[in-house]
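As structure tokens, the structure follows; a few thoughts come after it.
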Amino acid sequence: IWLTIEQRTPQTLRGLRIDAYWDGAKKPAVSAPLGDFFGVGLGRMAAFQSALFTDPEGRSFNCLVPMPFRTGMRIVLTNESGVDLAMVFYDVDYTVGDAHGDDALYFHAWFNRENPTEPKRDYTILPKVAGRGRFLGANLGVIADRRYFGSWWGEGEVKVYLDGDEANPTLCGTGSEDYTGSAWGLGTFAHAYAGCTVADDAGASYCFYRFHVPDPVFFRTAAHVTIQQIGCWDPKSAAAFRAAGRVVPSTDGGRPVDWSDPKLARYGLFERQDDVSSCAYFYLDRPDDDLPPLPPVAERTRGLAKE
């Protein structure tokens with residue numbers, strides 16, 4: 001799929017939605033804001049190239065994800081932004097008559113946003129889906145809450161639960177930047193399977209992606225994916241917390257951090273809340289799913305930049 005529109009503001013990219021239906025299903029397998037589906041987190045256009053999505057000069061949307069179907073497909077673009085679009089251009093390239101085996105899976109995409117996230121509860125990248133399939137990856141957008149004085153937001157572990165694992169994740173990471181293939185914070189880069197398209201420290205906004213192509217994540221009966229909401233204070237932000245008398249829970253049993261403690265470590269982890277959004281990509285052995293529908297446009301766009 002290649003597509004472009006003449007108005008590409010955050011409000012428009014979250015206000016437009018793309019839905020894809022396979023083999024006559026009544027419920028879409030793909031249902032997401034246009035920008036987020038194409039890897040443009042927070043509605044912020046940025047030139048990048050990956051193995052699955054590209055935006056060569058920050059003005060277009062390209063999707064190279066295989067999307068097999070057997071009897072038919074339908075892709076719908078709906079404008080819920082409240083702004084008329086004078087120009088929409090697109091190509092959808094497809095083949096018919098392909099002999100897909102019984103093991104061929106259907107492509108799905110699911111959008112989520114929590115603004116803000118709930119205290120001490122992991123953010124849901126992908127709710128539990130039942131069946132046989134493959135978690136392909138996700139792109140995420142974070143608008144860090146400024147009440148945390150610019151401290152790092154991304155220490156939370158990405159957790160992947162597969163095939164009945166519930167108490168402990170099957171796969172567990174060590175932080176957002178680590179999951180994205182980088183380290184010690186995030187700057188902009190765009191690689192085939194991982195990248196960060198926006199790293200706006202001044203605006204406290206970040207967009208990043210990770211695709212499990214050479215490292216496939218298969219499941220036989222069920223899967224769900226989450227990420228913790230954990231930050232890290234440093235000496236500078238700790239001083240700001242102390243001066244403001246700001247109370248935040250630590251990750252050590254949830255007790256409030258005692259900023260007056262002279263033995264307090266220069267760096268430490270604490271629970272936090274931020275504006276987090278994501279679009280998860282996965283394959284499933286059926287053309288529909290039981291996931292929640294796309295949130296209303298007001299929830300998708302609230303608090304985003306206007307331009």
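- Within the 4.5 Å cutoff, the side chain of W22 has heavy atoms near those of the M67 side chain.
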Using the ring pair (Phe, Tyr, Trp, His ring centres under 6.0 Å) rule, take F241 and F270 through it: C-alpha gap first, then chi angles, then the decisive distance, then the call.
CA-CA 12 Å; F241 278 118; F270 66 97; 5.6 Å; yes
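- Proximity of Y106 to D289: side-chain heavy atoms (C-beta onward) are nowhere separated by under 4.5 Å.
- Taken to the nearest 0.5 Å, the CD atom of Q229 stands 9.5 Å off from the CH2 atom of W153.
- Within a 6.0 Å radius of CD in Q49, other residues, nucleotides and ligands contribute 12 heavy atoms or fewer.
- Side-chain contact between L105 and D285 is present, with at least one heavy-atom pair separated by less than 4.5 Å.
- R44 and D200 are joined by a salt bridge, as a carboxylate oxygen and a charged side-chain nitrogen come within less than 4.0 angstrom of each other.
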May I have the step-by-step check of side chain to side chain contact (heavy atoms under 4.5 Å, CB included) for F219 and V129, ending in yes or no?
CA-CA 10 Å; F219 55 93; V129 291; 4.1 Å; yes
Residue pair T124, N112: steps toward the side-chain hydrogen bond (donor to acceptor under 3.5 Å, both in side chains) verdict:
CA-CA 8 Å; T124 299; N112 190 28; 5.1 Å; no
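- Heavy atoms of other residues, nucleotides or ligands lying less than 6.0 angstrom from CZ of R70 number more than 12.
- Residue Y90 places its OH atom among 12 or fewer non-hydrogen atoms of other residues, nucleotides or ligands, all under 6.0 Å distant.
- Annotation: side chain of F61 is in contact with side chain of L13 (closest heavy-atom distance under 4.5 Å).
- The closest side-chain heavy-atom distance from E271 to V248 is not below 4.5 Å.
- T9 has its side chain out of reach of L304: every pair of non-hydrogen atoms, C-beta onward, lies at least 4.5 Å apart.
- Around CG of D84, the count of heavy atoms belonging to other residues, nucleotides or ligands within 6.0 Å does not exceed 12.
- Heavy-atom minimum distance, R242 versus W259: NE-O, 2.6 Å.
- G41 and D36 get closest at one heavy-atom pair: CA-OD1, 4.1 Å.
- L64 and W2 sit in two unconnected hydrophobic clusters of ILVMFWY residues. Membership requires side-chain heavy atoms under 4.5 Å apart, directly or through other members.
- Salt bridge D19/R74: absent, no basic N to carboxylate O contact under 4.0 Å.
- L52 and I125 fall into different hydrophobic clusters, where Ile, Leu, Val, Met, Phe, Trp and Tyr are joined by side-chain heavy atoms under 4.5 Å apart, directly or via other members.
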Apply salt bridge (Lys or Arg N to Asp or Glu O under 4.0 Å) to R272 and E155, showing your working.
CA-CA 10 Å; R272 56 184 289 154; E155 291 295 331; over 6 Å; no
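- Note that the CZ atom of F135 and the OH atom of Y161 stand 13.0 Å from one another [nearest 0.5 Å].
- When hydrophobic residues (I, L, V, M, F, W, Y) are linked wherever their side-chain heavy atoms come within less than 4.5 Å, the members clustered with L294 are F111.
- A 6.0 Å sphere centred on CD of E166 holds more than 12 heavy atoms belonging to other residues, nucleotides or ligands.
- Ring geometry for F37 versus F107: interplanar angle over 60°, hence perpendicular rather than tilted (30 to 60°).
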Show the numbers, then the answer: is there a side-chain hydrogen bond (donor to acceptor under 3.5 Å, both in side chains) between D288 and Y21?
CA-CA 8 Å; D288 55 11; Y21 303 79; over 6 Å; no
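- For F53 and F48, the ring centers sit 6.0 Å or farther from each other.
- We find that R17 and E80 are joined by a salt bridge, their nearest charged nitrogen and carboxylate oxygen being less than 4.0 Å apart.
- Nearest heavy atoms, M45 versus G58: CE-O, 3.4 Å.
- Side-chain contact between K120 and P249 is present, with heavy atoms from C-beta onward closer than 4.5 Å.
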Criterion side chain to side chain contact (heavy atoms under 4.5 Å, CB included) on L136 and V65, from CA distance to verdict:
CA-CA 10 Å; L136 187 58; V65 180; 4.1 Å; yes
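- Across all non-hydrogen atoms, the minimal contact from R210 to Y179 is NH1-O, 2.7 Å.
- Counting heavy atoms from C-beta on, the side chains of I143 and L42 come closer than 4.5 Å.
- When all heavy atoms of W152 and L186 are compared, the pair lying nearest together is CH2-N, 3.8 Å.
- Between the CZ atom of R300 and the CZ atom of R14 there is a distance of 8.5 Å, given to the nearest 0.5 Å.
- The aromatic ring centres of F208 and Y206 sit 6.0 Å or more apart.
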Between K27 and D290, is a salt bridge (Lys or Arg N to Asp or Glu O under 4.0 Å) present by the stated rule, with each step listed?
CA-CA 9 Å; K27 185 177 186 294; D290 298 323; over 6 Å; no
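- The aromatic rings of F189 and H191 sit perpendicular, their planes meeting at an angle over 60°, well past the 30° parallel limit.
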Could you walk me through whether N79 and V88 pass the side chain to side chain contact (heavy atoms under 4.5 Å, CB included) test, one step at a time?
CA-CA 11 Å; N79 185 0; V88 178; over 6 Å; no
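- Closest approach of V213 and R134 over heavy atoms only: O-NH2, 3.2 Å.
- Between D145 and R147, at least one side-chain nitrogen of the basic residue sits less than 4.0 Å from a carboxylate oxygen of the acidic one, meeting the salt-bridge criterion.
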Evaluate L126 against L291 for side chain to side chain contact (heavy atoms under 4.5 Å, CB included), listing each step before the verdict.
CA-CA 9 Å; L126 177 65; L291 299 185; 4.0 Å; yes
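- Every residue two or more places apart in sequence or in another chain that forms a side-chain hydrogen bond (donor to acceptor under 3.5 Å, both in side chains) with E114 is listed here: R121.
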